[in-house]
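Note that these values count all heavy atoms, side chains included, but never hydrogens, waters or copies made by symmetry. Since the model is a prediction, treat every value here as computed from it, not as a measurement.
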Amino acid sequence: MDIANYMQQIGQQAKSASRLMARASSAQKNQALRLIAAAILREAVAIRAANHIDMEAARATGLAPAMLDRLSLSEQAINNMAEGLLQIAALPDPIGEITDLKFRPSGIQVGQMRVSLGVIGIIYEARPNVTVDAAGLCIKSGNATILRGGSEAIHCNQALAKLVQEGLLGAGLPVQAVQVIETTDRAAVGQLITMPEFVDVIVPRGGKGLIERLIKESTVPMIKHLDGICHVYIDDKADLVKAANIAFNAKCHRYGTCNTMETLLVARPIAAQILPKLATLYARKQVELRCDAEAFALLADYPYLVAAQEADWSTEYLAPILSIKIVSDLDEAITHINHYSSQHTDTLVSEDYSRALRFMREVDSASVIVNASTRFADGFEFGLGAEIGISTDKLHARGPVGLHGLTSVKYVVFGHGEVRE
Ligand SMILES: NC(=O)C1=CN([C@@H]2O[C@H](COP(=O)(O)OP(=O)(O)OC[C@H]3O[C@@H](n4cnc5c(N)ncnc54)[C@H](OP(=O)(O)O)[C@@H]3O)[C@@H](O)[C@H]2O)C=CC1
Ligand SMILES: N[C@@H](CCC(=O)OP(=O)(O)O)C(=O)O
């Protein structure tokens with residue numbers, strides 16, 4: 001395959017499709033979403049068969065269990081993809097909304113109209129449900145998209161792409177509004193990020209290697225969705241029952257997601273009370289605990305205990321591993337988090353109102369949570385219907401990105417024959 005030519009063609013097709021998508025009616029876009037949902041349910045067996053091929057290949061290469069979990073599509077996950085599309089269909093259409101329309105002294109009326117971004121290139125991990133969530137959000141927000149999922153998911157992504165295109169066709173929308181790149185050759189990524197004539201925005205979801213390349217090479221603006229070095233800080237004013245539930249869920253609910261806790265900070269006055277209890281819970285899941293010297297001494301009998309190294313505080317394990325540090329107070333916790341966190345999601349467990357407010361104001365992360373698990377940092381859980389991912393950028397969109405994050409506004413002016421004096 002001549003990758004440069006192939007990507008030029010994909011880019012041109014996306015650009016043409018984006019013009020039609022920008023003016024598509026809400027009814028058409030919603031019809032496409034419903035048709036895709038129905039096709040996914042109808043073809044559940046074929047989707048699972050494609051996923052099985054990917055899973056077998058990934059197992060053969062020794063992919064880590066948490067990554068296999070991310071790649072696998074259960075019957076429930078397939079139902080959830082379809083349900084997610086129906087939820088996106090039920091959301092109000094943001095496109096065309098005019099806000100803040102005001103008369104100016106000159107007589108003109110000035111307002112802002114919400115518009116689509118155009119063509120969005122999304123590079124993401126081997127997680128097939130993202131293919132459907134991203135396609136659904138891009139369709140509803142009137143964009144065209146070029147999708148480059150993780151190579152381990154290629155068969156499943158192609159099967160899903162066919163169903164998405166079937167739905168677009170059925171609703172009278174351009175099938176090339178959603179294109180899945182058919183090659184796993186990373187040269188295609190290199191092309192995608194250097195086609196500003198066709199691509200308006202790149203959304204990279206991934207780790208440091210991906211981002212380093214994109215920062216060096218991309219000539220297209222990006223909304224970066226980076227790694228999650230997420231923290232839970234258990235304060236000495238915490239309700240310890242809540243704290244244990246939250247700290248267990250934040251680590252053990254799913255190891256491979258970016259909103260999983262990687263470091264637990266515990267206030268010194270309650271460390272001896274809470275840490276052994278938590279260790280009992282973590283031991284059931286065989287979670288390795290990488291502890292600073294103080295926590296190490298408290299948990300000396302724990303079966304999977306390791307002394308933490310400096311590098312642990314800035315490591316995203318995506319695995320049953322947790323680093324633990326005892327801190328003196330909220331100030332030390334905030335300082336640690338702002339130094340080591342990837343500014344994705346951080347949680348405080350405390351019953352103290354003033355400390356909660358301080359944590360929310362001072363922790364510089366996309367989602368700052370009080371008394372709930374970091375795992376809630378998710379577009380669906382935040383009520384966005386679905387998400388493109390979790391932006392760790394500060395500009396344009398921050399945190400879970402839903403429909404609004406895939407749009408922009410332009411000024412619109414209604415005149416009545418006015419001329420400037
Ligand atoms: N903030 C967020 O919303 C999210 C963040 N993440 C983060 O992603 C990371 C885990 O996912 P993981 O699969 O390991 O991520 P990777 O960064 O390894 O892969 C993600 C995607 O980028 C591609 N890629 C990676 N490196 C390059 C490169 N140098 N050139 C071209 N393409 C590249 C991969 O392709 P290939 O298949 O060829 O490897 C894949 O499609 C974690 O850090 C996690 O926190 C994940 C999801 C959401
Ligand atoms: N929003 C997601 C987490 C973000 C995400 O997609 O993470 P990842 O599993 O690293 O691709 C969730 O809570 O399921």
Side-chain angles (χ1 to χ4, degrees), residues 17-18 20-41 76-100 111-120 122 124 127-145 147 160-161 163-175 177-178 200-201 203 205 223 225 259 366-367 375-391 396-410 412:
S18 73
L20 299 171
M21 290 305 289
R23 62 168 201 246
S25 69
S26 305
Q28 259 183 312
K29 294 186 286 187
N30 292 340
Q31 191 193 0
L33 296 171
R34 291 193 196 100
L35 288 172
I36 300 165
I40 285 174
L41 294 177
Q76 182 62 43
I78 290 176
N79 290 340
N80 289 349
M81 287 195 294
E83 176 57 30
L85 289 168
L86 297 179
Q87 291 194 12
I88 297 171
L91 292 172
D93 186 343
I95 299 302
E97 183 189 29
I98 296 179
T99 51
D100 294 330
Q112 289 191 306
M113 180 188 277
R114 193 154 288 281
V115 292
S116 49
L117 291 174
V119 176
I120 306 178
I122 309 179
Y124 53 100
R127 191 174 187 181
N129 68 300
V130 176
T131 305
V132 171
D133 290 352
L137 287 168
C138 286
I139 291 170
K140 183 76 186 230
S141 56
N143 291 293
T145 184
L147 300 175
L160 292 168
L163 303 176
V164 171
Q165 295 196 332
E166 177 191 315
L168 286 164
L169 190 67
L173 292 172
V175 289
V178 177
D200 295 281
V201 182
V203 173
R205 280 177 60 136
I223 307 172
H225 290 48
N259 52 21
S367 298
R375 284 283 294 131
F376 280 111
D378 169 69
F380 182 78
E381 295 291 340
F382 280 11
L384 308 182
E387 68 173 19
I388 285 293
I390 295 159
S391 163
H396 185 73
R398 196 178 191 193
V401 175
L403 288 178
H404 261 233
L406 298 181
T407 64
S408 180
V409 285
K410 60 167 67 152
V412 288

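- A distance of 8.5 Å separates OG1 in T145 from CG in L406, rounded to the nearest 0.5 Å.
- Residue G142 comes nearest to I95 through the heavy atom pair N-CG1, 4.4 Å, listed as atom of the first residue, atom of the second, then distance.
- Summarising the geometry, atom CG belonging to L163 is positioned 11.5 Å from atom CG belonging to L35; distances are rounded to the nearest 0.5 Å.
- The shortest non-hydrogen separation linking C138 to I122 is SG-CD1, 4.1 Å.
- Across S116 and A22, no two heavy atoms sit closer than the pair OG-CB, 3.7 Å.
- The minimum heavy-atom distance between A177 and L168, with the atom names listed, is CB-CD1, 4.2 Å.
- A donor-acceptor pair under 3.5 Å is formed between the side chain of Q28 and the backbone N or O of A171.
- D200 contributes no side-chain N or O that, together with a main-chain N or O of I120, makes up a donor-acceptor pair within less than 3.5 Å.
- Here the shortest heavy-atom pairing between I223 and G405 reads CD1-O, 4.2 Å.
- No donor-acceptor pair under 3.5 Å is formed between the side chain of H404 and the backbone N or O of G402.
- Between the side chain of R114 and the backbone N or O of T99 there is no donor-acceptor pair closer than 3.5 Å.
- When side chains are defined from C-beta on, R34 counts as touching L86, because their heavy atoms get closer than 4.5 Å.
- For F382, the CZ atom is densely surrounded, since the number of other residues' heavy atoms within 6.0 Å is greater than 12.
- For the atom pair OG1 of T407 and CG of L137, the computed distance is 11.0 Å after rounding to the nearest 0.5 Å.
- Atom CG of L173 sits about 8.5 Å away from atom CG of L20, to the nearest 0.5 Å.
- Judged as a side-chain hydrogen bond (donor to acceptor under 3.5 Å, both in side chains), the pairs with a partner in residues 88-97 (not counting sequence neighbours) are, in order, S26-D93, K29-D93.
- Side-chain contact check for S367 versus N259: every heavy-atom pair is 4.5 Å or farther apart.
- L41 places a side-chain heavy atom less than 4.5 Å from the side chain of N79.
- In this structure, I88 CD1 and L384 CG are separated by 10.0 Å, a value rounded to the nearest 0.5 Å.
- Residues N129 and N80 have side chains not in contact (no heavy-atom distance under 4.5 Å, counting atoms from C-beta outward).
- Within the 4.5 Å cutoff, no side-chain heavy atoms of D133 are placed close to those of E387.
- In this structure, Q165 contributes its side chain and V178 its backbone to a donor-acceptor pair below 3.5 Å.
- Using a 3.5 Å distance cut-off with no hydrogens or angles, the side chains of S141 and N143 do pair a donor with an acceptor.
- Counting all heavy atoms, side chain and backbone alike, S391 lies closest to A366 at O-CB, 3.6 Å.
- The salt bridge (charged side-chain N to carboxylate O under 4.0 Å, His left out) check on R398 picks up D364, with sequence neighbours excluded.
- Contacts classified as salt bridge (charged side-chain N to carboxylate O under 4.0 Å, His left out) and involving residues 83-92 (residues at least two apart or in different chains) are not found.
- No donor-acceptor pair closer than 3.5 Å links the side chain of K140 to the backbone N or O of N30.
- Rounding to the nearest 0.5 angstrom, the gap separating the OG1 atom in T131 from the OH atom in Y124 is 3.0 Å.
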